[in-house]
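What follows is a single structure, written as structure tokens, with notes after it.
Read the numbers this way: they start at 1 and go in the same order the structure lists the ligands and their atoms. Side-chain atoms are counted along with the backbone in the values below, which use heavy atoms only and exclude waters and symmetry mates.
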Amino acid sequence: MNAATRTRLNQMPEWTALAKHREQLGEVQLRELFAANPGRGAEYTLQVGDLYVDFSKHLVTDETLDLLRDLAAATDVFGLRDAMFRGQKINTTEDRAVLHVALRAPGDEIIEVDGKNVVPGVHAVLDKMSAFAERIRSGEWTGHTGKRIKNVVNVGIGGSDLGPAMAYEALRAFTDRDLTVRFVSNVDGADLHEAVRDLDAAETLFIIASKTFTTIETVTNATSARTWLLGELGAGQEAVAKHFVALSTNAEKVAEFGIDTANMFEFWDWVGGRYSYDSAIGLSLMIAIGPDRFREMLDGFHLVDVHFRAAPPEHNVPLLLGLLGIWYGNFHGAQSHAVLPYSHYLSKFTAYLQQLDMESNGKYVDRDGRPVDWQTGPVVWGTPGTNGQHAYFQLIHQGTELIPADFIGFANPVADLQPGLVPQHDLLMANFFAQTQALAFGKTPEEVRAEGVPEELVPHKTFKGNHPTTTILARELTPSVLGQLVALYEHKVFVQGAIWNIDSFDQWGVELGKVLAKRVEPALSEGADVPGLDESTKALVAKYRELRGR
Ligand code: F6P
């Protein structure tokens with residue numbers, strides 16, 4: 001469907017039908033829904049790959065789900081999906097195809113961009129990465145002084161950092177524990193300082209990860225890393241080749257920086273930064289977990305791609321998750337969405353999803369540049385359980401906001417957990433199940449009174465419940481399961497962007513800050529009179545210079 005000819009979302013009859021249905025449902029209670037259908041807990045579930053998805057604790061009926069699927073049909077979500085998989089340039093504001101799905105396609109698949117099959121190139125880079133990763137892991141690749149590489153430092157930001165950093169953390173149990181792998185992203189010199197202060201430069205490999213190779217933070221940190229390395233080694237430029245490799249789409253800039261393009265791992269403009277950690281951007285991860293496990297992870301991604309492409313609407317899990325988000329954001333006024341993994345290894349998962357979701361769907365104009373008059377992407381937030389329970393869960397349980405949440409948990413701890421710690425897993429998961437139960441069903445004033453609570457405390461100890469959650473449960477956190485999870489969220493974000501009729505694949509909103517930072521910098525460092533500074537910023541800059549003793 002041509003976006004320009006599309007009826008405005010909130011004028012579609014399917015939208016109006018949902019609004020009416022929302023009114024009719026009123027304050028429907030999960031307690032009532034379960035009382036009316038005790039089988040709901042087993043029925044309102046779907047499976048994709050290893051992920052068991054329970055959506056029974058949502059404020060929906062069969063009719064709600066039908067109406068939401070009608071909206072997906074009316075907005076042609078699957079048409080846009082097919083266009084994406086076909087390699088069409090659905091990122092219209094940048095005139096680019098959106099083909100992260102090609103990064104995990106099997107070698108015999110054909111996906112064309114401008115008439116050229118991109119899959120062979122993907123596999124050629126994967127093979128090159130695998131060979132390099134093996135050389136590092138085996139000790140065959142040595143540094144400038146002949147020492148084996150024991151430390152890998154990825155320097156990148158945004159999509160060139162969050163994905164590999166998250167996945168490295170998630171898959172720590174599968175990593176070579178003799179390697180030290182670190183991630184430097186912040187232009188605050190403290191980040192690089194702390195990352196390298198205890199490392200032997202002779203044993204350190206820097207991976208400079210930047211799609212554009214122009215990002216100021218990354219180029220600055222890469223330059224400082226090079227200065228540090230050459231200083232530590234007392235060596236000249238010739239040492240760079242053994243200690244620096246690049247992950248980029250921009251060979252020219254890589255060469256300009258002084259990295260041999262033979263040591264560059266390429267990807268393509270049809271891979272968005274926040275969709276890129278399964279491309280060359282994942283090299284640090286591949287070194288850590290080895291090429292075979294990296295490919296297992298890609299297979300996990302692919303499995304969900306196939307599902308998203310083939311499963312009918314009633315069984316399509318990314319579609320369902322996307323629609324549930326629409327239901328709460330657009331018809332209940334929810335402004336945020338919590339993602340709460342009950343796995344310490346997923347400690348960076350939600351931070352990763354923040355970029356994936358908020359950089360994709362934080363848009364206020366539609367594909368035709370018209371302001372939208374419906375809410376788009378939510379604020380995504382959360383940290384691993386059980387820690388969050390002792391921090392912000394109070395607000396989810398008894399605050400005034402409606403906060404839909406995803407709970408992600410695993411039936412088994414990772415295989416290499418010390419045997420003495422294994423029993424703790426049941427306690428972790430008991431909390432996982434208890435929280436979604438408490439959020440859904442709460443505690444009535446009668447139940448509180450029955451416990452002998454004094455009347456004046458009854459309102460304080462009452463839990464209204466009715467807080468919707470999705471539970472995602474898998475047997476164990478493996479590379480494949482991680483790939484499945486990430487692909488699930490990628491496609492969920494896609495579904496929502498398609499319905500809102502926004503371009504989920506550009507990110508113009510981050511540009512202004514970048515431009516202004518460049519402009520302001522000379523005012524800080526040299527006291528330059530920068531034209532166009534507003535009065536507030538001028539005063540702050542003066543204060544800053546005073547505090548710095550300038
Ligand atoms: O923050 C904007 C952004 O362009 C992200 O989309 C991207 O992931 C990040 O900067 C880093 O970009 P690059 O990989 O080109 O250095």
### Message
Cation-pi check for Phe78 against Arg81: NZ or CZ below 6.0 Å from the six-membered ring centre and within 45 degrees of the axis, yes or no?
### Response
yes
#### Entry: Short N-O contact, Glu511 and Lys514, less than 4.0 angstrom
yes
### Query
In terms of side-chain geometry, is the basic nitrogen of Asp373 or Arg8 positioned less than 4.0 Å from the acidic oxygen of its partner?
yes
#### Entry: Test: Arg295 and Asp127 ion pair at under 4.0 Å
yes
#### Entry: Aromatic ring pairing Phe308/Phe494, orientation class (parallel under 30°, perpendicular over 60°, tilted between)
perpendicular
### Query
Tell me, which residues have any heavy atom less than 4.0 Å from some atom of ligand 1?
Ile157, Gly158, Gly159, Ser160, Ser210, Lys211, Thr212, Thr215, Gly273, Gln355, Glu359, Gln507, Val510, Lys514
### Mutual orientation of the aromatic rings belonging to Tyr489 and Phe349 [parallel < 30°, tilted 30-60°, perpendicular > 60°]
perpendicular
